[in-house]
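Report on the following structure.
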Amino acid sequence: MGLQNLQDLLKSGVTYVRNLSSHYDVDIKLRDAQPVYGFKAPHVVASGRAMSATGGHGDSPDHTEDESYVVDSPDEMRHAVRLGFKHGADVIKLMATGGVMSVADSPLDAEFTLEEMAVATREAHARRGKVAAHAQGTEGIGLALKAGVDSIEHGIFLDEAEAEYMKEHKVYLVPTLNAVQGIVDYGQGKSQIHGEKKASDFAQAFFKNMKMAVKAGVPFATGTDAGTPFNDFETGYFDELNLLVNKVGMPVQQVLYAATKNAADLLGVADEYGSLQTGKYADFLVLKGNLLEDVNNFRQADKQVYLHGQRMF
């Protein structure tokens, strides 16, 4: 399934992917297997297992030890982050708050202390790695920012002070709008009731705060949280760009920068990827329609996808 997801992403036009949180470190294993076996796949930045607090997002009631690292103190966080890098992580994922799809918590819950997350950022930055925080509630977002994370994932209840901080300190916001909107649009009577209700309850605030973040000048990078209900690897990226343009109101050019230059910067690969410049790798798409005229031209089924100058599809 993981291999199929990678191939679906590449065919859709995603040439570099950052995976945040994977049971059994599957993303790390696939990243390392690609150059050995030569299968078609985007380049991968992998986190392996995420960092979760006991009973928090990522520590479900039927949790296994290979779902996430469960940590409850600064010392446990230090040990878990070091294990993550030992096992091959490129980036560290912190579950700073509860989540929409969690059974036992809320997106409003702050689940790590400032001290715990600060240890994670110190350990990661000492290894030239980055830290991404799943952070949806205002308090948890604020703590993650104070701890020095490199990106806020989701940011549903981001406030104006936090948005200003992110602008000043160049902390990226990766909203993954489609993870919520997919449940709202298609989840009635189909998804787990706790996820459906939370998505519906928080969707209005989510889009309102993303509009505020755009106006405030927060740096955005695009991501999808693909794999959540009604948010697949073939079309999730198209849906995300469409929502940013047509529901949040972000200018198309700004959305394209979020998907290319900004995303490459967040992934730490901007010296070699993210823009068509002499000396950089030739990862690009060939489309019939102009994206600046309609971002949904990206949905073209027979687009040409090039990776390092070689046509993949």
Side-chain angles (χ1 to χ4, degrees), residues 1-51 58 64-69 80-93 124 127-132 153 174 176 221-228 231-238 240 259-260 263-276 279-287 298-313:
M1 180 63 74
L3 178 57
Q4 184 63 57
N5 291 340
L6 284 175
Q7 292 177 342
D8 287 344
L9 280 170
L10 183 60
K11 189 173 183 180
S12 78
V14 176
T15 60
Y16 222 122
V17 61
R18 181 190 59 161
N19 190 74
L20 296 177
S21 184
S22 177
H23 296 197
Y24 302 98
D25 294 338
V26 168
D27 53 350
I28 293 173
K29 293 169 183 174
L30 285 169
R31 178 202 65 198
D32 293 346
Q34 195 283 327
V36 176
Y37 297 101
F39 52 79
K40 291 183 179 180
H43 316 293
V44 176
V45 168
S47 76
R49 286 168 280 171
M51 308 294 154
T64 69
E65 64 179 15
D66 291 307
E67 181 178 348
S68 63
Y69 296 99
V81 170
R82 289 176 178 178
L83 281 176
F85 283 116
K86 175 183 176 180
H87 294 153
D90 300 306
V91 59
I92 298 299
K93 171 74 174 294
R127 291 166 174 75
R128 298 167 300 285
K130 295 190 177 185
V131 177
E153 313 298 316
V174 185
T176 69
T222 52
T224 65
D225 220 12
T228 56
N231 179 18
D232 64 37
F233 289 83
E234 292 184 84
T235 62
Y237 208 73
F238 313 150
E240 186 70 18
T260 54
D265 185 41
L266 176 57
L267 269 58
V269 298
D271 288 344
E272 297 180 316
Y273 298 91
S275 59
L276 289 176
K280 290 191 177 185
Y281 287 110
D283 287 9
F284 63 93
L285 312 179
V286 179
L287 300 166
F298 189 39
R299 296 181 187 271
Q300 180 185 324
D302 61 345
K303 66 174 69 68
Q304 295 179 22
V305 182
Y306 287 80
L307 205 68
H308 282 192
Q310 297 185 4
R311 186 173 175 181
M312 298 288 106
F313 294 99

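For clarity, every value in this text was computed on a predicted model and none was experimentally measured.
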Under the salt bridge (charged side-chain N to carboxylate O under 4.0 Å, His left out) test against Asp25, which residue among Arg31, Lys86, Arg49 passes? Arg49
Just how far is it from atom CD of Gln7 to atom CZ of Phe313, taken to the nearest 0.5 Å? 6.5 Å
Residue of the set Lys93, Met51, Glu67 for which side chain to side chain contact (heavy atoms under 4.5 Å, CB included) holds with Ser21: Lys93
When rounded to the nearest 0.5 angstrom, what is the spacing between CG in Asp265 and NZ in Lys130? 5.0 Å
For atom OH of Tyr306, decide whether the heavy atoms of other residues, nucleotides or ligands shown that lie under 6.0 angstrom number more than 12. yes
Please report the closest heavy-atom contact between Leu20 and Ala132, naming both atoms and the distance. CD1-CB, 3.8 Å
Set out, in order, the CA-CA distance, both residues' side-chain angles and the distance that settles side chain to side chain contact (heavy atoms under 4.5 Å, CB included) for Val174 and Glu153, then state yes or no. CA-CA 5 Å; Val174 185; Glu153 313 298 316; 3.2 Å; yes
Looking at Lys280 and Gly274, would you say the former's side chain and the latter's main chain have a donor-acceptor pair under 3.5 Å? no
So, taking the atom named OH in Tyr16 and the one named CD in Glu272, what distance separates them when rounded to the nearest 0.5 Å? 7.5 Å
For Arg311, is the CZ atom crowded, meaning more than 12 foreign heavy atoms sit under 6.0 Å from it? yes
Minimal non-hydrogen separation, Val14 against Tyr237, with atom names: CG2-CG, 3.9 Å
Does the side chain of Val44 come within less than 4.5 Å of Leu6's, by heavy atoms? yes
Can you measure from CG (Leu9) to NZ (Lys11) and round to the nearest 0.5 angstrom? 13.0 Å
pair Leu10-Leu307: side-chain heavy atoms closer than 4.5 Å: yes
Which value, rounded to the nearest 0.5 Å, describes the distance between Phe39 atom CZ and Leu30 atom CG? 5.5 Å
Distance col, row Ser47:OG vs Asp90:CG, nearest 0.5 angstrom, shows 9.0 Å
Please give me the minimum heavy-atom distance between Val81 and Ala124, naming the atom from each residue. CG1-N, 4.3 Å
Are side-chain heavy atoms of Lys29 and Tyr24 found at a separation under 4.5 Å? yes
Cation-pi, Phe298 ring and Lys303 (6.0 angstrom, 45 degrees): yes
Name the residue from Val305, Thr15, Leu276 that meets the side chain to side chain contact (heavy atoms under 4.5 Å, CB included) definition with Asp283. Thr15
Is the distance between the ring centroids of His43 and Tyr273 less than 6.0 Å? yes
Does any part of the side chain of Phe85, heavy atoms only, come nearer than 4.5 Å to the side chain of Ile92, both counted from C-beta? yes
In short, Thr224 meets Glu240 closest at the heavy-atom pair CG2-CB, 4.2 Å
Ignoring hydrogens and angles, tell me if any N or O in the side chain of Ser68 forms a donor-acceptor pair with the backbone of Gly58 under 3.5 Å. yes
Leu266 and Arg18 have their tightest heavy-atom pair at CD2-NH1, 3.6 Å
Under 3.5 Å, is there a donor on one side chain and an acceptor on the other for Thr228 and Asp225? no
